[in-house]
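Start at 1 with the first residue, then count along the sequence. Just follow the structure's listing: the first ligand is 1, and inside any ligand the first atom is 1. Please read these numbers as outputs of a predicted model, since none were measured by experiment.
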Amino acid sequence: MDFLASTHLHITTWVLAIILFLVALAIANPKVVHMILRVDYILIIITGIALFIKGMDYGQGMLYGLKFIAGILVIGMMEMTLVKKKKEKPYTTFLVLAFVFFFIALFLGFKLPMGINFLA
Ligand code: HEM
């Protein structure tokens with residue numbers, strides 16, 4: 001299952017998630033888009049865990065742990081935003097938090113040693 005520990009595959013899955021999330025936010029009936037987005041969450045998590053396991057060789061467990069948490073929180077906040085929107089409740093807080101955790105995940109991902117690391 002080594003092919004799963006690919007930063008390119010991981011990037012593809014979360015870029016797709018951001019696009020699906022923004023579309024789901026913009027359209028009136030995002031039922032199907034939301035469903036596809038949920039499948040994509042699984043792909044983000046699978047590739048993320050594969051990278052995490054491989055990452056344990058680099059001796060930066062603390063930062064990898066924070067990256068893991070930040071990634072999960074992005075997914076959590078996207079999901080909360082869409083569920084609140086569906087129930088016609090206020091969702092701005094979750095939307096803002098989704099972007100805050102997104103930038104934290106982006107920063108840590110680009111800082112950590114695998115793949116692209118222009119922030120290292
Ligand atoms: C939407 C949420 C997420 C975003 C925006 C995101 C973003 C990124 C980025 C930008 C990278 C760097 C890619 C590269 O260097 O080429 C990365 C790598 C990584 N991500 Fe994520 N990620 C997310 C979710 C997750 C989740 C849920 C996990 C864990 C289950 C995870 C674990 C990892 C690991 C371990 C790496 C490798 C770090 C390295 O050594 O470069 N990510 N991610």
Problem - atom 10 (C) of ligand 1 [closest protein heavy-atom partner, distance rounded to 0.1 Å] - result: W14 CZ2, 3.4 Å
Completion exercise
Among non-hydrogen protein atoms, atom 11 (C) of ligand 1 lies closest to G109 CA, 3.4 Å
Problem - atom 33 (C) of ligand 1 - nearest protein heavy atom and its distance - result: K67 NZ, 3.5 Å
Fill in the blank from the handout: When rounded to the nearest 0.5 Å, the distance separating OG1 of T92 from NZ of K85 is 12.5 Å
Handout entry: Protein heavy-atom partner closest to atom 35 (C) of ligand 1 - residue, atom, separation in Å
Key = F52 N, 3.2 Å
Practice task
Heavy-atom contacts with I72 under 4.0 Å: which atoms of ligand 1 show up? List them by number with element.
Solution key: 27 (C)
Practice task
Ignoring angles and geometry beyond distance, decide whether M114 reaches within less than 3.5 Å of ligand 1 through its nitrogen or oxygen atoms.
Solution key: yes
Practice task
Between I11 and ligand 1, find which residue part has any heavy-atom pair under 4.0 Å and reply side chain, backbone, both or neither.
Solution key: side chain
Practice task
May I ask you to check whether N117 has an N/O atom sitting below 3.5 Å from an N/O atom of ligand 1?
Solution key: no
Problem - Least distance between heavy atoms, T81 atom then Y91 atom - result: CG2-CD1, 3.6 Å
Exercise for the section: Side-chain contact test, heavy atoms from C-beta onward, threshold under 4.5 Å: evaluate it for T13 versus D40 and give yes or no. Expected result: yes
Exercise for the section: May I ask which of A50, G115, G65, G48 has a heavy atom nearer to atom 28 (C) of ligand 1 than the others do? Expected result: G48
Practice task
List the closest protein heavy-atom neighbour of atom 40 (O) of ligand 1: residue, atom name, distance to the nearest 0.1 Å.
Solution key: Y64 OH, 2.4 Å
Exercise for the section: Among K86, E88, M80, find the residue that satisfies the side-chain contact (heavy atoms from CB on, under 4.5 Å) test when tested with K84. Expected result: M80
Exercise for the section: Give a yes/no verdict on whether any heavy atom in A17 is under 4.0 Å from an atom of ligand 1. Expected result: no
Completion exercise
Taking every heavy atom of L22 against every heavy atom of F99, the minimum-distance pair comes out as CD2-CZ, 4.3 Å
Fill in the blank from the handout: Smallest heavy-atom separation, H34 atom then V83 atom, equals CE1-CG2, 4.4 Å
Completion exercise
Out of L112, L51, I49, the nearest non-hydrogen contact to atom 30 (C) of ligand 1 is supplied by I49
Exercise for the section: Would you indicate whether M56, at its atom CE, is surrounded by more than 12 heavy atoms from other residues, nucleotides or ligands within a distance under 6.0 Å? Expected result: yes
Problem - Name of whichever N/O/S atom of H10 is nearest to atom 21 (Fe) of ligand 1 - result: NE2
Practice task
With atom 27 (C) of ligand 1 as the reference point, say which of G55, G71, A70 has the nearest heavy atom.
Solution key: G71
Problem - Nearest protein heavy atom with distance in Å, relative to atom 1 (C) of ligand 1 - result: V74 CG1, 3.6 Å
Exercise for the section: Inspect the surroundings of CG in D2 and state if more than 12 heavy atoms from other residues, nucleotides or ligands are less than 6.0 Å away. Expected result: no
Exercise for the section: Note the single closest protein heavy atom to atom 15 (O) of ligand 1, along with its residue, its atom name and the distance in Å. Expected result: I116 O, 2.6 Å
Practice task
Please identify which atoms of ligand 1 are closer than 4.0 Å to at least one heavy atom of F102.
Solution key: 5 (C)
Problem - Parallel, tilted or perpendicular, as decided by the 30° and 60° cut-offs, for the rings of F52 and Y64 - result: perpendicular
Fill in the blank from the handout: A student checking ligand 1 against F110 at a 4.0 Å heavy-atom cut-off should list atoms 10 (C), 12 (C)
Handout entry: Validation row: L112, Y58 side chains within 4.5 angstrom (heavy atoms)
Key = no
Problem - Close side-chain approach of T47 to L43, heavy-atom, < 4.5 Å - result: no
